[in-house]
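To keep things clear, I will list the structure first and then write my remarks on it.
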Amino acid sequence: MKKVYLRTFGCQMNEYDSERMLALLKGEYIPCETPEEADLILINTCSVREKAEYKVYSLVGRFKHLKARRPELVVGVCGCVAQQEGEKLVKRLPHVDLVLGPQNIYRLPEALEELQKGRRPLVLTEMRRDFKPPLVLSDLDGKRLVKAYVTIMQGCDNFCSYCVVPYVRGREVSRPPEDILREIECLVHQGVREVTLLGQNVNSYGKKEAGYPSFAELLRMVAEIPELWRIRFTTSHPKDLSEDLMRAFAEVDKLCEHLHLPVQSGSTRILKRMNRGYSREDYLEKVRRLRALCPGIALTSDIIVGFPGETEEDFEATLSLLEEVRFDEIFSFKYSDRPYARAREFTDKVPEEVKAARLERIHALQARITEEINRSYIGKTVEVLVEGPSETRPELFTGRTRTNHVVNFSAPRELDLKGALVYVLIKDTGKHSLRGEYLETVKGP
Ligand code: 5AD
Ligand code: SF4
């Protein structure tokens, strides 16, 4: 059997796409740990921020000597950078054999056959408006996975002015509900107990397709699957977060009380320039409504600092929004110009050192809030879905609360808790996690 070395950068959507590629290669290739032993190298790339793109070029550059030594080695670049760069990529890195855009990853087997016939390099980056990802079921090979991702829609129609995604992933398309349900049933049959439904903007699920359920309806259909215990989803666009979906947090037991709701900025002026379609007040109102319906809900967010034209006052509006909402965690980024995105034309760019200083202030503020929230768990009993032994401390088990906090906990050695739903008493906090002690098993494994 031949060997494939696959590395994934970027978002969960890419993790999911990588899983599909491995499933497509099954029977011909087995995954390996290092590029040196591989017959096929695949790098699944992300171009959402500049930094991610640099990483790809430096990593792929390093395979040049491997290819020189073993010309039969196939080097493939997939995902968003592949789409964005296309032919340019093979010009810059002539040892790359294959360039596959996100809509084209399903053509991998056929592309490998073409390469076998000596046709190289191959650049497959066509995008179709009516693209439908085929159903490729995963065989987990008895891996005992506890949680998995399932893409329910691809692409984005929002065109936020900083974002490359609509250009590299194309327009929004939803997958048929029956494919989604079949895929989840297949995962659950193999032992998966938690799924995260993925899309760039899950709230728009089914809006363009006649006869499809809405996202809130789809959630309720997924919740009917027996032996599936937990459901999460990401990402939600604040402007499209419907009352029906907010209600699902109160009404669908399996839906975990956590929502990632990227706000990007706390300044209405900047939100307008970002083309986000909501104001600071609209966002805060949604948060109030959510918390009224589901009081314990944990919120997380993405923040961009130093968007073109962001003044000290705009930035302080973001800080004050963080104080007001008290997110459990945020992911914050310095603005970077992206190809095709409109904001790259804005002339009032914020200097690099100002962006760096703002990022630090955001980090410091959020670290304090996260710590306060973490400390509020001490003494509480939480439900944890156990993923297995902790990677860094194998004597502890690790898993997540319904609110998506990582919990590392001690338990009697003889217990095999992987895949079980357990109660844990929280005793202490780490920087990014909670520490506790096993109390009892609720279900499973
Ligand atoms: N610069 C900085 N951050 C960006 N993001 C998207 N595009 C950019 C950009 N050009 C961030 C947003 C988004 C997350 C996935 O990446 O915060 O929510
Ligand atoms: Fe990009 Fe905005 Fe679409 Fe998210 S919603 S993928 S930030 S364009």
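Just so you know, these numbers use all the heavy atoms, side chains as well, and skip hydrogens, waters and symmetry mates. Counting starts at 1 for both ligands and their atoms, following the listed order.
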#### Entry: Residues R107 and E110 bridged, charged N to O under 4.0 Å
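Judged by the 4.0 Å cut-off on N to carboxylate O distance, R107 and E110 do form a salt bridge.
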### Task
Provide the number and element of each atom of ligand 1 under 4.0 Å from a heavy atom of Y335.
1 (N), 2 (C)
### Task
Would you mind running through ligand 1 and noting each atom that sits below 4.0 Å from a heavy atom of Q264?
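Listed by number with element: 12 (C), 13 (C), 17 (O), 18 (O).
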### Query
Listed by chain and number, what are the salt bridge (Lys or Arg N to Asp or Glu O under 4.0 Å) partners of R289, not counting sequence neighbours?
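Testing R289 for salt bridge (Lys or Arg N to Asp or Glu O under 4.0 Å), a comparison that skips the adjacent residues, returns E243.
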### Query
What pairs with K286 under salt bridge (Lys or Arg N to Asp or Glu O under 4.0 Å), at least two apart in sequence or on another chain?
none
### Query
If you measure from each non-hydrogen atom of Y162 to ligand 1, which part falls under 4.0 Å: side chain, backbone, both or neither?
both
#### Entry: K334 and ligand 1 - part of the residue with a heavy-atom distance under 4.0 Å
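For K334, only backbone atoms sit under 4.0 Å from ligand 1.
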### Query
Looking only at N/O atoms, are R338 and ligand 1 under 3.5 Å apart anywhere?
no
### Task
With R344 as the cation and F346 as the aromatic partner, state whether NZ or CZ is under 6.0 Å from the six-membered ring centre and within 45° of the axis.
no
### Query
Looking only at side chains, do S267 and D314 share a donor and an acceptor under 3.5 Å apart?
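Present: a donor and an acceptor within the cut-off.
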### Query
Are T403 and Y377 linked by a side-chain donor-acceptor pair shorter than 3.5 Å?
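Present: a donor and an acceptor within the cut-off.
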### Task
Measure from atom 9 (C) of ligand 1 to every heavy atom in S336, C160, P262 and give the option owning the shortest one.
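Looking at heavy atoms only, S336 sits closest to atom 9 (C) of ligand 1.
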### Task
Determine, considering heavy atoms only, which of V305, I304, D302 sits nearest to atom 14 (C) of ligand 1.
D302
